[in-house]
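Since the structure is predicted, the reported quantities are computational estimates derived from the model, not experimental observations.
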Amino acid sequence: MKFKLTDNQVRLRLKLEEVEHLKDYGILTLNVSFGLNQSDYLKVSIVIYGENKASCRFQNNHFRVFIPEPRWTKPLNNQIDLFKGLIEQTQDQFTELIIEQDLPCDHNSKHIN
């Protein structure tokens with residue numbers, strides 16, 4: 001899972017096996033350790049649940065993204081966007097949430113960057 005935060009956007013990019021895990025179990029979690037201290041970590045989870053709108057929570061080093069099951073997209077082979085939506089933080093403040101499938105590159109190995 002790739003996790004990117006910008007001013008008003010949360011973007012998560014999932015490998016195919018992560019998409020399958022999320023589809024099968026309704027939750028996907030990434031744990032990242034930043035040092036020897038037990039409190040130096042970040043946990044990121046995507047949870048599919050039965051509510052009608054998406055939300056995010058951050059508590060105790062755990063960032064959770066809740067995706068409403070009715071809006072979760074079961075991906076097609078070439079589909080990138082799995083979920084796009086706005087999360088209302090306050091009355092006038094929104095965060096864009098994007099969850100994408102990380103598709104393999106389809107270019108020739110002789111391609112020069």
Side-chain angles (χ1 to χ4, degrees):
M1 177 188 326
K2 296 177 185 175
F3 176 66
K4 182 178 178 182
L5 293 174
T6 57
D7 290 339
N8 291 321
Q9 186 183 76
V10 175
R11 181 182 298 258
L12 299 152
R13 184 164 265 204
L14 310 179
K15 297 176 196 168
L16 180 59
E17 56 270 12
E18 293 169 329
V19 172
E20 291 296 323
H21 182 92
L22 183 58
K23 184 176 72 172
D24 292 344
Y25 298 100
I27 187 168
L28 178 68
T29 299
L30 168 71
N31 294 297
V32 181
S33 178
F34 294 102
L36 299 176
N37 190 334
Q38 288 183 346
S39 63
D40 294 340
Y41 72 93
L42 175 66
K43 183 186 253 188
V44 178
S45 295
I46 303 171
V47 181
I48 298 174
Y49 75 127
E51 296 295 321
N52 290 327
K53 61 182 184 176
S55 65
C56 292
R57 301 284 180 269
F58 184 73
Q59 184 178 20
N60 299 326
N61 294 22
H62 193 171
F63 184 79
R64 293 175 185 90
V65 176
F66 298 93
I67 304 300
E69 188 171 17
R71 294 200 42 214
W72 172 249
T73 300
K74 293 182 174 72
L76 303 172
N77 290 339
N78 60 353
Q79 179 181 355
I80 293 177
D81 293 332
L82 303 174
F83 179 87
K84 278 189 176 183
L86 293 176
I87 297 171
E88 186 175 4
Q89 302 298 342
T90 64
Q91 189 172 11
D92 297 325
Q93 180 71 34
F94 293 89
T95 299
E96 182 179 26
L97 174 62
I98 301 171
I99 301 177
E100 301 171 326
Q101 182 173 212
D102 195 6
L103 298 174
C105 293
D106 190 28
H107 58 68
N108 190 322
S109 62
K110 296 178 185 177
H111 183 272
I112 298 173
N113 292 332

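Phe63 and Phe58 have tilted rings, their planes meeting at an angle from 30° to 60° on a 0 to 90° scale.
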Item to check | CA sep, side-chain torsions, deciding dist, call: Glu20, Lys23, salt bridge (charged side-chain N to carboxylate O under 4.0 Å, His left out) | outcome: CA-CA 5 Å; Glu20 291 296 323; Lys23 184 176 72 172; 3.2 Å; yes
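Scored by the side-chain hydrogen bond (donor to acceptor under 3.5 Å, both in side chains) test, Lys43 finds no partners at all (sequence neighbours excluded). Among residues two or more places apart in sequence or in another chain, the side-chain contact (heavy atoms from CB on, under 4.5 Å) test is passed with Leu5 by Phe3, Val10. Not counting sequence neighbours, the partners of Asp102 by the side-chain hydrogen bond (donor to acceptor under 3.5 Å, both in side chains) test are Lys2. For Glu100, the side-chain hydrogen bond (donor to acceptor under 3.5 Å, both in side chains) partners two or more places apart in sequence, or in a different chain, are Arg11, Arg13. Take Ser45 and apply the side-chain hydrogen bond (donor to acceptor under 3.5 Å, both in side chains) test, not counting sequence neighbours, and it matches Thr29, His62. With sequence neighbours excluded, no residue forms a side-chain contact (heavy atoms from CB on, under 4.5 Å) with Gln38. Partners of Asn37 under the side-chain contact (heavy atoms from CB on, under 4.5 Å) rule, at least two apart in sequence or in another chain, are Ser39, Asp40. Evaluation of the ring-ring contact (aromatic ring centres under 6.0 Å, His included) rule for Phe34 yields no partner, not counting sequence neighbours. Not a single side-chain contact (heavy atoms from CB on, under 4.5 Å) links Ser33 to another residue, sequence neighbours left out.
Cluster annotation: Leu42 and Leu28 are assigned to the same hydrophobic cluster (Ile/Leu/Val/Met/Phe/Trp/Tyr, side-chain heavy-atom contacts under 4.5 Å, transitive). Residue Val19 is not grouped with residue Ile98 when hydrophobic side chains (ILVMFWY) are merged at heavy-atom distances under 4.5 angstrom, including chains of intermediate members. Residue Phe66 is grouped with residue Ile27 when hydrophobic side chains (ILVMFWY) are merged at heavy-atom distances under 4.5 angstrom, including chains of intermediate members. Both Leu30 and Val65 are members of a single hydrophobic cluster when ILVMFWY side chains are connected at heavy-atom separations under 4.5 Å.
Side-chain contact between Phe83 and Leu97 is present, with heavy atoms from C-beta onward closer than 4.5 Å. Side-chain atoms of Pro68 and Asn52, non-hydrogen and from C-beta on, never get closer than 4.5 Å to each other. Proximity of Ile99 to Ile46: side-chain heavy atoms (C-beta onward) are separated by under 4.5 Å at one or more points. Contact check for Asp24 versus Leu22: no side-chain heavy atoms found under the 4.5 Å cut-off.
Taken from CG in Asn31 to CG in Asn61, the straight-line distance is 11.0 Å, to the nearest 0.5 Å. Note that CZ of Arg57 and CD1 of Ile87 are 8.5 Å apart. Values are rounded to the nearest 0.5 Å.
Across all non-hydrogen atoms, the minimal contact from Leu86 to Glu96 is CD2-CA, 3.9 Å. Counting all heavy atoms, side chain and backbone alike, Leu14 lies closest to Glu18 at CA-OE1, 3.4 Å.
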